[in-house]
Amino acid sequence: MTDFKPTSDFLAVLQERGFIHQCSDMSGLDALAREGKAVGYIGFDCTAPSLHVGSLVQIMMLHWLQQTGNKAIALMGGGTTMVGDPSGRDETRRILTVEDIQSNKRGIFSVFSRFLNFGDGPRDAITIDNAEWLTTLNWIEMLRDVGRHFSVNRMLSMDSVRMRLERDQEMSFIEFNYMILQAYDFTVLARRLGCNLQMGGSDQWGNIVNGIDLGRRMGTHQLYAVTTPLITTASGAKMGKTAAGAVWLNADQMPPYGYWQFWRNTEDADVARFLKLFTTLPMGEIARLMALQGAEINAAKIMLATEATALLHGREAAEAAAETARKTFEEGTLAADLPTIVVSGAEIAAGLGLLSAFVKAGIVASTGEARRQIKSGGLRLNDALVTDERAALVAGDFNADGIAKLSMGKKKHVLLKRA
RNA sequence: GGGGGAAUGUCCCGAGCGGCAAAGGGGGCGGACUGUAAAUCCGCUGGCUAAGCCUUCGCAGGUUCGAGUCCUGCUUCCCCCA
């Protein structure tokens with residue numbers, strides 16, 4: 001894959017930034033993209049109310065497709081989600097209700113407008129829901145037009161199916177059909193919108209290639225596939241899982257400050273790779289940051305955090321998060337932007353125990369955990385180590401603005417605001 | 001349809017002669033060292049009004065002073081035979 005020298009901006013960018021894992025035909029796709037004639041889509045499941053960073057590579061790929069003068073389509077899997085993709089899954093997926101899928105779809109879509117410019121113009125990105133054509137399919141027609149092109153022998157040999165069978169894990173007929181629907185999507189998009197490229201994670205390779213085959217048999221123009229590598233951290237962990245759970249893209253589930261922190265805490269070994277994948281900084285700038293050594297790498301991490309946050313939440317929110325972090329970590333002063341919990345004055349007057357205060361702030365899950373953390377010296381009130389688990393908050397703990405800072409460890413800080 | 005297994009700490013994996021808040025991992029959290037990194041070392045990893053009390057081993061009963069452990073029924077999953 002690295003021998004190929006793309007002449008199109010699109011593939012050149014993808015290649016130099018490390019997006020390409022597999023491609024069905026680099027030179028064919030390159031020729032299209034050079035003319036601005038690549039019309040690419042990526043399908044997104046509507047299984048959760050928000051996408052998380054695991055999908056960010058894909059979103060960035062669509063972003064670059066549009067930025068390099070091609071057409072990007074964000075396909076919402078309103079229809080396929082009703083079926084459930086077995087890829088990479090050990091267990092049968094939970095079947096979601098139609099209402100859940102609809103509300104998930106809305107949550108997911110809100111993220112795309114940050115990365116793509118939608119509209120009616122030829123260069124504008126569009127979004128479409130495959131429920132539009134999948135839900136009205138006629139079973140017999142489908143079998144005759146599409147089903148006959150699929151070999152069950154081959155379907156059984158696909159990774160997603162084979163692994164289930166080998167482990168004697170249940171796979172329902174509904175899931176078995178998923179790959180047919182995804183392949184069909186590709187041909188529908190090809191006919192309706194002139195789509196000629198499907199992108200996705202490496203686990204989607206089989207499904208995408210199936211679509212290319214189906215397209216050929218059903219007489220569409222030539223279709224292409226590009227997949228991204230599976231993004232893991234240098235330590236081998238899956239991207240996007242933190243203590244608090246998944247790193248969501250929607251602000252109501254992961255505020256900008258938390259999102260910024262996620263990137264700020266990137267391992268050294270990942271910084272260069274992530275800068276290329278998750279920011280739009282020019283390669284020259286990235287090269288400069290990559291040259292940093294030792295503690296200086298922190299500057300690159302701050303850059304990564306701010307740029308990645310700016311893409312998702314806007315420049316202003318990103319700068320605010322960076323400033324909050326700077327005050328909190330470098331100056332050790334109070335930054336108003338930290339997560340804040342409001343408590344009533346009455347509650348404090350009644351003698352709010354410190355243990356409960358930490359629970360209330362969401363820093364620990366129970367007073368028991370708070371006690372344990374105190375024993376191992378992990379809790380601080382206004383930067384002073386908490387040693388007495390029987391202590392209660394007093395008026396003097398709040399500053400002139402009625403704020404007290406609760407911290408656990410070096411990174412977790414929550415402000416308690418007296419109402 | 002017949003026969004045989006399995007389900008354990010609400011993150012996961014997994015031991016568990018009738019005395020068990022239940023071995024051991026992984027993961028996670030905190031501490032030390034650092035650079036808000038990695039690696040390493042140490043501690044913690046049911047709840048509470050906490051020298052006590054309460055709730056946990058698929059579900060419901062039963063035997064027993066005492067049940068994760070024994071018995072009965074049920075649920076779900078797996079294997080073999082048909």
Side-chain angles (χ1 to χ4, degrees), chain A residues 52 89-92 94 163-172 232-247 257-275 289-290 292-306 308-309 321-333 335 337-339 347 350-381 383-392 405-414:
Chain A
H52 53 78
R89 279 303 188 112
D90 281 353
E91 309 161 14
T92 302
R94 193 165 66 92
M163 283 165 58
R164 285 276 195 90
L165 295 179
E166 278 174 2
R167 294 187 206 164
D168 283 313
Q169 277 156 345
E170 182 73 15
M171 172 152 194
S172 69
T232 55
T233 68
S235 310
K238 260 185 214 153
M239 257 305 265
K241 295 285 183 192
T242 67
V247 178
Y257 176 72
Y259 190 72
W260 194 93
Q261 281 297 326
F262 167 73
W263 293 107
R264 175 64 182 83
N265 286 313
T266 299
E267 291 177 36
D268 285 10
D270 289 323
V271 174
R273 198 159 47 104
F274 288 0
L275 278 168
L289 292 169
M290 281 163 63
L292 297 174
Q293 291 298 317
E296 291 182 332
I297 290 176
N298 283 323
K301 290 184 188 178
I302 290 169
M303 199 68 163
L304 168 64
T306 304
T309 306
E323 179 60 14
T324 296
R326 198 185 60 77
K327 279 187 184 161
T328 307
F329 287 96
E330 289 174 31
E331 293 179 6
T333 54
D337 201 35
L338 287 171
E347 218 169 341
L352 179 60
L354 210 43
L355 295 177
S356 328
F358 274 96
V359 175
K360 212 173 174 56
I363 292 178
V364 293
S366 65
T367 58
E369 188 187 346
R371 281 171 217 269
R372 287 193 293 271
Q373 288 296 353
I374 288 173
K375 277 198 193 100
S376 49
L379 296 188
R380 284 164 193 276
L381 167 62
D383 297 318
L385 204 59
V386 177
T387 51
D388 179 12
E389 57 179 53
R390 311 186 83 104
K405 183 167 80 167
L406 302 181
S407 318
M408 177 165 83
K410 279 173 281 193
K411 297 179 188 174
K412 234 171 266 170
H413 306 280
V414 173

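Chain identifiers are assigned alphabetically (A, B, ...) following the order of the sequence lines, protein sequences preceding nucleic acid strands; residue numbering begins at 1 within each chain.
If you look at A:His413 and A:Tyr257, their ring centroids are not closer than 6.0 Å.
Between B:rG58 and B:rU49, the two P atoms lie 29 Å apart (nearest whole Å). Only the C1' atoms considered, B:rG4 is 23 Å distant from B:rG16, to the nearest whole Å. Spacing of C1' atoms, B:rG18 relative to B:rC71, comes out at 13 Å, to the nearest Å. Using P as the reference atom, B:rG30 and B:rU36 are 15 Å apart when rounded to the nearest Å. Using atom C1' as the reference point in both B:rA22 and B:rA15, the two lie 10 Å apart (nearest Å). Taking atom C1' on both B:rU56 and B:rA67, the two are 13 Å apart, rounded to the nearest angstrom. Taking the C1' atoms as reference points, B:rU75 lies 36 Å from B:rC29, given to the whole Å. Rounded to whole Å, the separation between the P atoms of B:rC57 and B:rA38 comes to 37 Å.
Nucleic acid contact class of A:Arg372 (heavy atoms, under 4.0 Å, all strands): sugar-phosphate only. In this structure, A:Gly368 reaches the bases: a heavy-atom distance under 4.0 Å links it to at least one base atom across the strands shown. At a threshold of 4.0 angstrom between heavy atoms, the contacts of A:Thr328 with the nucleic acid are absent. Residue contacts shown for A:Lys375 are absent, as no nucleic acid heavy atom lies under 4.0 Å away.
Pairing of B:rU40, defined by two Watson-Crick or G-U wobble distances under 3.5 Å, is identified with B:rA32. Under the Watson-Crick or G-U wobble criterion, with both distances below 3.5 Å, B:rA21 has no partner in any strand shown. The base-pairing partner of B:rC53, taking Watson-Crick or G-U wobble contacts with both distances under 3.5 Å, is B:rG47. In this entry B:rU10 has no Watson-Crick or G-U wobble partner, no candidate having both defining distances under 3.5 Å.
Smallest separation of non-hydrogen atoms from A:Val364 and A:Ala370: CG2-CB, 3.8 Å.
The nucleotide whose nearest atom lies closest to any side-chain atom of A:Ser376 is, among B:rU36, B:rG30, B:rA37, B:rG30. The side chain of A:Arg264 lies closest to B:rU36, out of B:rA50, B:rG35, B:rU36. With B:rA50, B:rU36, B:rC29 as the candidates, the nucleotide lying closest to the side chain of A:Asn298 is B:rU36. Side-chain atoms of A:Ala325 lie closest to B:rU36 of the nucleotides B:rU36, B:rG30, B:rG35.
Look at B:rC54: its glycosidic torsion is beyond 90° from 0, and that puts it in the anti range.
Across A:Val414, A:Val386, A:Ile363, a single residue satisfies side chain to side chain contact (heavy atoms under 4.5 Å, CB included) together with A:Met408, and that is A:Ile363.
Taking CD1 from A:Ile297 and OG1 from A:Thr266, the interatomic distance works out to 11.5 Å, rounded to the nearest 0.5 Å. To the nearest 0.5 Å, the span separating CD1 on A:Ile374 from CG on A:Leu385 amounts to 9.0 Å. If you take CD on A:Gln373 and CG on A:Leu355, they are separated by 11.5 Å, rounding to the nearest 0.5 Å. Atoms CZ and OG, from A:Arg371 and A:Ser376 in turn, are 14.0 Å apart once rounded to the nearest 0.5 Å.
One finds a salt bridge joining A:Arg273 and A:Asp270 here, because a Lys/Arg side-chain nitrogen approaches an Asp/Glu carboxylate oxygen to under 4.0 Å. The pair A:Glu369-A:Arg372 does not meet the salt-bridge criterion, since no charged nitrogen lies less than 4.0 angstrom from a carboxylate oxygen.
Side-chain atoms of A:Trp263 and A:Thr309 include no donor-acceptor pair closer than 3.5 Å. A donor and an acceptor atom, one from each side chain of A:Lys301 and A:Asn265, are nowhere located under 3.5 Å apart.
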Please write out each protein N/O paired with an N/O of nucleotides 25-27 of chain B under 3.5 Å, distance rounded to 0.1 Å.
none

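Less than 4.0 Å separates RNA chain B from at least one heavy atom of each of the following residues of residues 355-367 of chain A: A:Ser366, A:Thr367.
The base of B:rU36 lies close enough to the side chain of A:Gln261 for a donor and an acceptor atom to sit less than 3.5 Å apart.
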